[in-house]
Amino acid sequence: MRGKKIILGVCGSISAYKAALITRTLVKNGAEVRVIMTEDAKAFITPLSLSTLSKNPVLSSFQASETGEWNNHVALGLWADLLLIAPASANTIAKLSNGLCDNLLTAVYLSARCPVFVAPAMDHDMWLHPATQRNIHQLKEDKVHIIPPESGELASGLIGEGRLAEPEQIERILNVHFAKQHPLVGKKIMITAGPTYEPIDPVRFIGNHSSGKMGIALADYAALLGAEVQLILGPSRLRPKNENVKVEHVTSAHGMLRASLHFAQEADWCIMAAAVSDYTPQQYSETKIKKKEKDFTVEMKKTTDILAELGKSKRDEQMLIGFALETNDEIEHAKKKLVKKNLDFIVLNSLQDEGAGFGHDTNKITIIDREGEQTPYKLKTKWEVAGDILNFAIKRESKTI
Ligand code: CTP
């Protein structure tokens, strides 16, 4: 929940006192909380209690009482990462299910684009009434998450279902919801990206056209899913947008090798998206090489294949993901690389596909796994492709655990 923006809607119900505990729990979990109360809710708990606990003024009507300013329901709806209505009365549930918006809370509900959680609280017979059950059914159809009421003694003295879920239960449900949005929390991912430049002399190098876009998209996406990301970036003009991505800048294949061997020791997953030079000049001239009368030859020696090197020292629980950029016999070449480099799966780009490969904002990939299964994807933005690759890895890992 840390850093999440949550609107807590509170309706008129005897269980509104629990809104204080819920507010405190959300704030303790690191969420930023804004409370919206219906008029009737104020008869059960004071706005002062909830504004003190949420550290924000409590909103109730379209016009703020102190300043007379407009409480913009559309802005509030867009601000929230999650809308929780707890307790939700039978009356508010009926309004939500029918799209009525005669108060700030119901108007915010209609404006919100975020997930909505509704925790009903009412008397047993009101809860079981076909009208309420019909409204609950409609809310579920509208993709609202219902936090079911619990059974027990009710304010009416009756015993049965209708009691607001306990704050601990609501906390658990929201934490599970946010955890699903961040499936890579606790995972350390190393990603290589960009080209490498192999220096000939202080002013010249041999390089390639890799922009680094694919690897950087992977780094940003993985960080968004909660991973601890270490990006090893060759000489690219681009930078990751997510400030949680740690970047180690390297220039040559040798520099990338050293950084990769270092960071791979700690990494759970290694994703090698860099276009590493396979050769580097045999000799580096400390001074600028002068033009000669005759032709000039640069002798090249092989660089170490970083991915193959990591494949040799791969730990059992470590996932190793490679890329293959091919122009012909793509599947066959990719499969050979997968086996030779001891990978879990390989992401194949074919330069024969329009819009795929270096420099483009789009990419078209086929994933081939260790078991030989091929998963082709459509042409997509590199951002979407990054999501596909990470989701493939998440699914693969959940199958093997
Ligand atoms: N790779 C690497 N170190 C190298 C060369 C490649 O880590 N020195 C990695 C790339 O990051 C990529 C994969 O190996 O994940 C395949 O790269 P690619 O250039 O397609 O294949 P090569 O093995 O270099 O074979 P070839 O160039 O002959 O196709």
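Keep in mind the model is a prediction, meaning the values are calculated, not measured. In this chain, residues are counted from 1 in sequence order. In each ligand, atom 1 is the first atom listed, and ligand 1 is the first ligand listed.
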Provide the full list of side-chain hydrogen bond (donor to acceptor under 3.5 Å, both in side chains) pairs with a residue in residues 286-309, sequence neighbours left out, each pair given once.
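Sorted pair list: Asp305-Lys341, Glu309-Lys312.
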Name all pairs fulfilling the side-chain hydrogen bond (donor to acceptor under 3.5 Å, both in side chains) condition that reach into residues 103-120, sequence neighbours left out, sorted by first residue then second.
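As it turns out, the side-chain hydrogen bond (donor to acceptor under 3.5 Å, both in side chains) pairs with a partner in residues 103-120, which skip direct neighbours, are Asn103-Thr106.
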May I ask you to test the Ile191-Ile189 pair for a side-chain heavy-atom distance under 4.5 Å?
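Yes, side chains in contact.
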Describe, in one word, how the ring planes of Phe205 and Tyr197 are oriented to each other, choosing from parallel (under 30°), tilted (30 to 60°) and perpendicular (over 60°).
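Correct class here is parallel.
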Parallel under 30°, tilted from 30 to 60°, perpendicular over 60°: which one fits the rings of His145 and Phe117?
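Answer is parallel, since the angle falls under 30°.
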Select all protein residues for which some heavy-atom-to-ligand 1 distance is less than 4.0 Å, and list them by chain and number.
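Within the 4.0 Å shell of ligand 1, which is judged on heavy atoms, sit Met272, Ala274, Val276, Ser277, Asp278, Thr303, Thr304, Asp305, Ile306, Leu307, Gly322, Phe323, Ala324, Leu325, Lys337, Lys341.
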Mind checking side-chain contact (heavy atoms from CB on, under 4.5 Å) for Pro183 and listing every partner two or more places apart, or none if nothing turns up?
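For Pro183 the side-chain contact (heavy atoms from CB on, under 4.5 Å) partners, ignoring immediate neighbours, are Leu225, Ile394.
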